[in-house]
Every structure is written in structure tokens, then in C-alpha cells.
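Report on the structure given below.
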Amino acid sequence: MRFFVAQLFRFAWAEARSCLFAVAMFAGLAASSVVPLPIPRYDALLIYAVAVTVTLRALRWESSGETAVIAGFHLVGLAFELIKVRLGSWSYPEPAHTKIGGVPLYSGFLYAAVGSYVCTAWRIFSLRLVAYRTVPVTLVALAIYVNFVSQHWWIDLRLPLAVLLVLATWGTVVHFTVGAHRYQMPLALSLTLIGFFLWVAENLATYLGAWQYPYQRETWQLVHPAKFGAWALLVSVTFVIVASWQAARGLLHLPVASRGLPRGWALPLRRVGPLGGAAYQVEAVRPGSGAQASTGRRC
């Protein structure tokens, strides 16, 4: 029992560190909702988000590579917002000087926060994948992204795409470190759990006025539970982008020496051995890549 409690605290601490950017964004949303500001709130949040990004990079909480990937999420998120806001899916009711097509520029940092979490968690937990099918998963993730837009003019393929995502990730296992021990979990379960917590975060964000859905204009209401499934699907896009970047750095797959270890869907979560075991000697990092071995330290 003592070991379980200790590991639980280690896991929670690692998750908290992974969520640093997101927590900072929520702190800014909360503070800006009660503190009088000399400029429109959304403009202040943009300045704040840029300051947080610069601070995390200056303090080396994020590597230059991670910052570049996160910036990419900002652009992808903005493009998504421009389309969805125009179609009336949600809105940003407050005035701002930094709005384009009704979308405040700070909103891209909300997507960047999700990208930051995946990038940072990959480093802190020393994530590695087994039986990851790059092409099928990437194609399904791309179709999911397109469907969130095309559903406004065509049929919503969310359910069949969810089935395809489960099939594409069937047997794919995420290996991660907690303390000195390694664990494994099905990738589909990981995406589902992230989607759930993103739905919880979305409820808090809309309560703080980050944006609002049409049914929240008169008074705040709980975000529809169907959004949980939407986030579980959308996070696959984030995962694919980060996985592609990690693959280029040689940090995607579990080393060949570990391929004989138990894997699959037998248990949702399984402890598979100590980090220091021979099977978990992570592949050497290429010189000049700026990365370190899987010790939980930053890359």
C-alpha cells in the first residue's frame, strides 16, 4: 500500500508539471475575470500568454524544439477557431483589438496548452510506443480534423471515425515512467482519459469566460457531455503531431530489446518492470539533438 500511495503521488506530481502551461493559462483566465484591466481582457490574455511562453523557455522548462511545436499548435488551433466561430459553433463575446474574424489571437494558446501538455508529458514520463501504426493513425487523425469542419455541410462521421481510431490503435501500447518503474497502457485508453480531462477543463474555461457556446449566452451551463467524445477524438490530432516530431528525434518507439515484454490489451494498466532493467535502456540520442536519456529531465 505504501508503494502504491508513493507512486500515486509521483504520478500526480509529474502530471502537474506536465500541465504547467495549462495551469498558467487558467490562472490568467481566473485573474483577468476579477482584476480591473486597462485594456480589453482578451488583449491582456494574449500579452500574458506570450509572457508565459517566453518565461517557460527562459527558465528552460521547455526546450526550443518544444516551443516550436507548441507554436505550431497555436497556428493549427487558430485556423480551426476561425472556421468554427464563423459557423457559429461557439463565440468570444468580449471586445478586443486583437480579434480576427471574431477570434481573439489568445485563443490559439488554448490549443498550445494541450500541445504543451503532450510534449512535456512525453519528456517527463519518458513515453515510448509499441506497435504504433504511423500511417493509419495519422490518416484517421487528419480525417477527424476535417470532419469537425465538414460536418457543417455534410454528415457527421464522428462515430465511424471513433471506431476507425480504435482499430488503428488496437494493440498500440504507451510505456511510461513513474519514479523508477515502467508501466504500460493502451493508447486508445490514454486518448480517452486525456479527452475526459479536457472536457473538465473546458467547463472551467467557459465558466471563466474564455469562450461560450450558444446555450451558455444567458447563463453558464455545463458543457454538453458529447464534447467529451469530441475532445477524445481531437486530441488524437495533437498526439499525431507530437509523435511525428518525436519519431524524427528517435524518441517514438520502445527499444528493440523491450519488444518481447508483455503488451496488448490484457489489462488497462500494467506494471512491466523497473526503469533500470536492461530491457529499458532507451536508445542513445543522436549527438547535437539537445535531448537526454529517459531520466525524466528535460530534453
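Only heavy atoms go into these numbers, but all of them, side chains included; no hydrogens, no water, no symmetry mates.
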Q. Among Arg128, His253, Gln184, which one satisfies side chain to side chain donor-acceptor pair (under 3.5 Å) with His175?
A. Gln184
Q. Quick one: does Asn203's side chain have a donor or acceptor within less than 3.5 Å of a partner on Val223's backbone?
A. yes
(Q) Does either side chain, that of Glu62 or that of Ser116, offer a donor lying less than 3.5 Å from an acceptor on the other one? (A) yes
Q | Exercise: identify the closest heavy-atom pair between Leu82 and Ile100 | A | CD2-O, 3.1 Å
Q) So, for Gly115 and Thr238, which heavy atoms are closest and what is the spacing to 0.1 Å? A) CA-CG2, 3.9 Å
Q) When hydrophobic residues are tied together by side-chain contacts of less than 4.5 Å, even through go-betweens, does Leu204 share a cluster with Leu45? A) yes
Q. Which value, rounded to the nearest 0.5 Å, describes the distance between Leu129 atom CG and Leu251 atom CG?
A. 11.0 Å
Q. Are any side-chain N or O atoms of Asn147 and backbone N or O atoms of Leu157, one a donor and one an acceptor, separated by less than 3.5 Å?
A. yes
**Q.** Residue pairs fulfilling ring pair (Phe, Tyr, Trp, His ring centres under 6.0 Å) with at least one residue in residues 94-115, sequence neighbours excluded
**A.** Tyr42-Tyr106, His74-Phe109
Q: Classify the angle between the aromatic ring planes of Phe148 and Phe80 as parallel (below 30°), tilted (30 to 60°) or perpendicular (above 60°).
A: perpendicular
Q. Under 4.0 Å between a Lys/Arg side-chain N and an Asp/Glu carboxylate O for Arg57 and Glu66?
A. no
Q: Check whether any side-chain heavy atom of Ile194 sits under 4.5 Å from a side-chain heavy atom of Tyr117, and report yes or no.
A: yes
Q | Residue pair Leu252 / Trp122, side-chain heavy-atom distance below 4.5 Å | A | yes
Q. So do Gln216 and Thr206 actually touch side chain to side chain, heavy atoms under 4.5 Å?
A. yes
Q.
Can you tell me how far apart CG (Leu254) and OG (Ser126) are? Round to the nearest 0.5 Å.
A. 11.0 Å
Q | Name of the residue among Leu142, Val140, Thr134 meeting side chain to side chain contact (heavy atoms under 4.5 Å, CB included) with Thr138 | A | Thr134
Q) More than 12 foreign heavy atoms under 6.0 Å from OH of Tyr207: is that the case here? A) no
Q) Counting N and O atoms only, with roles assigned by atom type, does the side chain of Thr98 sit under 3.5 Å from a partner on the main chain of Pro104, one being a donor and the other an acceptor? A) no
Q) Same hydrophobic cluster for Tyr145 and Trp153, using side-chain heavy-atom links shorter than 4.5 Å among ILVMFWY? A) yes
Q) So does Glu94 pair up with Arg41, basic N to acidic O under 4.0 Å? A) yes
Q. Is it the case that one hydrophobic cluster holds both Leu8 and Val178, taking links as side-chain heavy atoms less than 4.5 Å apart, direct or via other members?
A. no
Q) What pair of heavy atoms forms the shortest contact from Met25 to Ala49, and how long is it? A) SD-CB, 3.8 Å
Q | Heavy-atom donor-acceptor pair, Arg217 side chain to Pro93 backbone, under 3.5 Å | A | no
Q) In Å, rounded to the nearest 0.5 Å, how long is the span from OG1 of Thr177 to CZ of Phe11? A) 12.0 Å
Q. Do we see a donor-acceptor contact under 3.5 Å between the side chains of Trp231 and Glu202?
A. yes
Q: Quick one: pull up SG in Cys119 and CD1 in Ile124 and give me the separation to the nearest 0.5 Å.
A: 11.5 Å
Q: Kindly give the heavy-atom pair with the smallest separation between Ala141 and Val237, and that separation in Å.
A: O-CG2, 3.4 Å
Q) Do Ser107 and Trp211 meet the criterion of a side-chain donor-acceptor pair at a distance under 3.5 Å? A) no
(Q) Membership question, hydrophobic clusters at under 4.5 Å side-chain separation (ILVMFWY): are Leu233 and Leu139 in the same one? (A) no
**Q.** Distance, nearest 0.5 Å, that separates OG of Ser33 from CG of Leu208
**A.** 5.5 Å
Q.
Are Phe21 and Leu59 linked, directly or through intermediate hydrophobic residues, by side-chain heavy-atom contacts shorter than 4.5 Å (ILVMFWY only)?
A. yes
Q) Is there a side-chain contact between Val235 and Leu198 (heavy atoms, below 4.5 Å)? A) yes
Q | Leu105 and its side chain to side chain contact (heavy atoms under 4.5 Å, CB included) partner, picked from Leu78, Asp43, Val50 | A | Leu78
Q) Does Glu15 have any salt bridge (charged side-chain N to carboxylate O under 4.0 Å, His left out) partners at least two apart in sequence or in another chain, and if so, which? A) none
Q) Aromatic ring centroids of Phe3 and His181 under 6.0 Å? A) yes
Q: Give me the other members of the hydrophobic cluster that Leu159 sits in, counting Ile, Leu, Val, Met, Phe, Trp and Tyr linked by side-chain heavy atoms under 4.5 Å, directly or via other members.
A: none
Q: Check whether any side-chain N or O of Tyr215 sits under 3.5 Å from a backbone N or O of His224 as a donor-acceptor pair, and report yes or no.
A: yes
Q | Nearest heavy-atom neighbours spanning Gly102 and Val85 | A | O-CG1, 4.1 Å
Q. Under 3.5 Å, side chain of Thr192 to main-chain N/O of Ala188, donor-acceptor pair present?
A. yes
Q. Going by atom types alone, do Tyr92 and Glu81 pair a side-chain donor with an acceptor below 3.5 Å?
A. yes
Q: Applying side chain to side chain contact (heavy atoms under 4.5 Å, CB included), run through Trp61 and Thr120 and close with a yes or a no.
A: CA-CA 9 Å; Trp61 280 92; Thr120 308; over 6 Å; no
Q) Do you know which two heavy atoms are closest between Met185 and Leu193, and how far apart they sit? A) SD-CD1, 4.1 Å
